[in-house]
There are 2 protein chains.
Amino acid sequence: MRTRLKDVAERAGVSVKTVSNVVNGYQHVSPALRAKVTVALEELGYRPNLSARTLRRGRSGMIALALPSVRGPYFSELAHLIVREAEQHELTVLIDCTYGDLTREQTVAEGFRTQLIDGMILCPWQLGATDLRRREDTTPLVLLGERVSNGVDSVAVDSRAVGEAATEHLLSIGRQRIGVLRSLPSNTGGVVSKIRLDGYKRALAAAGLEFDPALVVDVDRPHGVDPRVATDALLDLPEPIDAIFCFNDELALVAMRRLYEQGYRVPDDIAVIGVDGIAAGATITPTLSTIVPDKQQIAAEAVRMLVERIEGDSAAARRRVKAGFTLLPRESTMGLQRVRRRPRTRPARQATRS
Amino acid sequence: MRTRLKDVAERAGVSVKTVSNVVNGYQHVSPALRAKVTVALEELGYRPNLSARTLRRGRSGMIALALPSVRGPYFSELAHLIVREAEQHELTVLIDCTYGDLTREQTVAEGFRTQLIDGMILCPWQLGATDLRRREDTTPLVLLGERVSNGVDSVAVDSRAVGEAATEHLLSIGRQRIGVLRSLPSNTGGVVSKIRLDGYKRALAAAGLEFDPALVVDVDRPHGVDPRVATDALLDLPEPIDAIFCFNDELALVAMRRLYEQGYRVPDDIAVIGVDGIAAGATITPTLSTIVPDKQQIAAEAVRMLVERIEGDSAAARRRVKAGFTLLPRESTMGLQRVRRRPRTRPARQATRS
DNA sequence: CTGTTAGCGCATTCAA
DNA sequence: TTGAATGCGCTAACAG
């Protein structure tokens, strides 16, 4: 049997309450007793039973983070930041993967790990306003993304502004026919993609250009159009394109590879811009121009709002926070950095295929 | 107040026990009562209080996963797989970031979230055998990696074999002077790096080549030598190298960029191989040859062993499972795929700098 | 300042 | 098959 508070009390010759006081860092304990208790605590190797404490306190100090996935550069970074942020508030994060599955998202919204978590942050892909209205669970909830505009706290980047910024950047370097590789994860309503495309259209309109639907190709991984095929589709257009706006960096990487395979040069022939700011983008050649959402801000705001809900009156008005982003112009739009060609000291090798 | 078992019981006009039976799917409940209870459950929107249940059962159905970070391609993928694997066993995963910090690792090993988690999987970077011997907490524990060889269950890839395989591959394509970019996270004892280097030496020896310490450069992010500088160091060696073995793919990406900046061609001048199998490696040009640890196996074995500990007698002998890996030869060692140069239909553009 | 006691919500003895 | 009572370990009222 595990050592309980009671065991420690007996050992130290004090009451349970006193031990509890010491464990919880209460002020009003005489030094003498505190010392005795501390020794007993140490000797018995006491560890509080968090379930019991949670049951009693009605608080566990844990929050859930429900994401479509924890894999992939975007969500893993976001998860990391949220975990860090939660730590600041002495909260532990329980991560749950929804796989963008509606049923799972509903389960989460509708009382997941009840009473074991003090609140949760959910990034919905399919969950709709209806689901949320039906919601009976009273656990504080903060939503990530623009999907739902219901009476729930949420934080998201302004996708329209993102679409606009990317497009404006491409226009600013003289590109006129801008293809779009739009990611439509098969399991999403694609709200974000839709809004981003609005931004694209707006930027075009502001530049006096007409929107051409043929320039927009949907990429629907993993069950839909392969990104390579989608890129080819853009390249095969009768009137050639001079830039591609990819809705995420991973897509951009694939597109750039495809452009290489098809003999196009980036950015000379075709400029490429992505969204996310994944690490590889800074390292590949050409380095990838991209738009970086302020994940740190997203994490901080989400946790802050959640903590407020947990601690404060749940009655406060629902808030909708807009997170910022940054345009990072790099080589895939601005042109390759000049490199110094080294004198070659030995003949170029042939790779020996085995 | 939240609806409790008792409330449901009153509503349905039955005892608490019966409701509990229904909730937990007990067999021996008469259909009539079951129906009544189900209705009451629905009407009141009952959600079990997991803290109470945990306290009573002595099991929470949660396990902790303590990693240095959840960011980055390797750990995020691993976390993902472990979460999936845990789900198969109806376990929820609580993720904790240690940042490779010794104190935090000790905290985790020494009774983290006691009684709230049924077991844990820890990937130690600094924790030593001493810490583990001292361990008083009885929560089942499984270790990831080769760091500790104590009386604890663990699963890890054979780093020596990895080092050997990478080196042999480079030798097999005719490279003889193989530089090593060795990652030594500032907070690690670098056990893995050491063992991998052993593999490198062994492969060299087997090929009748002498080991040259000058060929090994340590990269110590974020506080130590910049990977770019480290790459330069290899390039500045009096006797030129013809290959680089990078201890992880991210490092390889940086090295390849640096090679480009310095005017070397990959793989013609210098072949590059990494370890991890990150997604970007399949997409960049040249695609990155790499060694992919079988993360799925690691995840599966870790969870399996943990579950056995949780359910079975804790007395069973400690096991040390070796996970497999795969060599993925790609363009960065095998040579570029031939590309078709398209007829250019319009003059090459100049990127207009704004 | 410290001890006694009740009860958080649930699962589970033991009776019926 | 079902109901009543007990206690999991802890914290917070309330006494002392």
Side-chain angles (χ1 to χ4, degrees), chain A residues 1-38 40-41 44-62 90 111 113-118 137-139, chain B residues 1-38 40-41 44-62 90 111 113-118 137-139:
Chain A
M1 180 58 70
R2 210 134 193 156
T3 60
R4 300 156 303 162
L5 222 42
K6 195 180 166 194
D7 302 322
V8 180
E10 284 171 5
R11 173 75 159 227
V14 299
S15 83
V16 182
K17 164 72 167 154
T18 304
V19 181
S20 173
N21 282 342
V22 172
V23 169
N24 293 303
Y26 245 66
Q27 296 308 322
H28 308 287
V29 181
S30 72
L33 281 194
R34 179 181 296 276
K36 276 208 297 189
V37 171
T38 309
L41 241 26
L44 294 170
Y46 172 77
R47 315 252 168 258
N49 181 323
L50 275 313
S51 328
R53 177 178 287 176
T54 299
L55 176 57
R56 189 59 243 239
R57 290 217 256 234
R59 284 269 186 96
S60 67
M62 298 199 298
E90 304 192 309
R113 294 276 142 188
T114 334
Q115 303 295 332
L116 246 185
I117 55 164
D118 299 341
D137 192 28
T138 56
T139 310
Chain B
M1 177 59 70
R2 210 131 193 157
T3 60
R4 299 155 303 165
L5 222 43
K6 195 181 165 193
D7 303 322
V8 180
E10 284 171 4
R11 174 76 160 225
V14 297
S15 83
V16 179
K17 161 75 163 150
T18 304
V19 180
S20 173
N21 282 344
V22 172
V23 170
N24 293 304
Y26 245 64
Q27 296 308 322
H28 308 288
V29 180
S30 70
L33 282 195
R34 179 181 295 277
K36 277 208 296 190
V37 171
T38 309
L41 242 24
L44 294 170
Y46 172 78
R47 315 251 168 260
N49 181 322
L50 276 313
S51 328
R53 177 178 286 176
T54 299
L55 177 58
R56 186 59 240 236
R57 291 218 258 237
R59 282 268 186 97
S60 66
M62 299 199 299
E90 304 194 307
R113 294 277 142 189
T114 334
Q115 303 296 332
L116 247 186
I117 54 164
D118 300 340
D137 191 28
T138 56
T139 310

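Residue numbering restarts at 1 for every chain, and letters A, B, ... go by the order of the sequence lines.
- A donor-acceptor contact shorter than 3.5 Å is absent between the side chain of B:Ser20 and the backbone of B:Val16.
- Nucleotide C:dC1 holds its P atom 16 Å from the NZ atom of A:Lys36, rounded to whole Å.
- Taking atom CG of B:Leu116 as the reference point, atom P of D:dC10 lies 12 Å away to the nearest angstrom.
- Taken residue by residue, residues 10-20 of chain B places heavy atoms nearer than 4.0 Å to DNA chain D at B:Val14, B:Ser15, B:Lys17, B:Thr18.
- Taking every heavy atom of both residues into account, B:Arg53 and B:Val23 meet most closely at NH2-CG1, 3.5 Å.
- Both B:Asn21 and A:Lys6 lie close to DNA chain D; mapped to their nearest nucleotides by heavy-atom distance, the more 5′-ward contact belongs to B:Asn21.
- Computed from coordinates, the B:Gln115 CD to D:dG7 P distance equals 20 Å when rounded to whole Å.
- Residue contacts shown for A:Tyr26 are absent, as no nucleic acid heavy atom lies under 4.0 Å away.
- Computed from coordinates, the A:Arg59 CZ to D:dA12 P distance equals 11 Å when rounded to whole Å.
- At whole-Å resolution of the value, CG in B:Leu50 and P in C:dG9 are 14 Å apart.
- The B:Asn49 side chain lies nearest to C:dG9 when the options are D:dT2, C:dT2, C:dG9.
- Of all non-hydrogen atoms in B:Leu5 and B:Tyr46, the two that sit nearest each other are CD1-OH, 3.3 Å.
- Within the 4.5 Å cutoff, the side chain of B:Leu33 has no heavy atoms near those of the B:Val22 side chain.
- Between A:Thr18 and A:Tyr26 there is no side-chain heavy-atom pair separated by less than 4.5 Å.
- Consecutive Watson-Crick or G-U pairs involving DNA chain D, each under 3.5 Å on both distances, make up stems of three or more pairs at C:1-16 with D:1-16.
- Of the two residues near DNA chain D, A:Arg47 and B:Ser30, the one whose nearest nucleotide lies more 5' is B:Ser30.
- Between A:Asn24 and D:dT11 there is a side-chain N or O to OP1 or OP2 distance below 4.0 Å.
- Nearest heavy atom pair, residue A:Ala12 against residue A:Ala40, reads CB-CB, 3.8 Å.
- The nearest whole Å value for the distance from the CZ atom in A:Arg57 to the P atom in D:dA13 is 13 Å.
- When all heavy atoms are compared, the tightest approach of B:Val29 to B:Arg34 is CB-NH2, 3.7 Å.
- The salt bridge (charged side-chain N to carboxylate O under 4.0 Å, His left out) contacts involving residues 11-31 of chain A comprise A:Arg11-A:Glu43, where partners must be two or more places apart or lie in separate chains.
- Regarding B:Asp7, its CG atom lies at a distance of 9 Å from the P atom of C:dG9, rounded to whole Å.
- Side chains of B:Arg47 and A:Thr139 form no contact here, defined as non-hydrogen atoms less than 4.5 Å apart.
- Of all the heavy atoms in A:Ile117 and A:Ser60, the pair that sits closest is CA-OG, 3.7 Å.
- Taking atom CG on B:Leu5 and atom C1' on C:dT12, their separation rounds to 12 Å, with Å as the unit.
- Comparing atom distances between the A:Leu55 side chain and each of D:dC10, D:dG9, C:dC10 picks out D:dG9 as nearest.
- Taking only side-chain atoms of B:Ala52, from C-beta outward, the nucleotide of C:dT2, D:dG9, C:dC10 with the closest atom is C:dC10.
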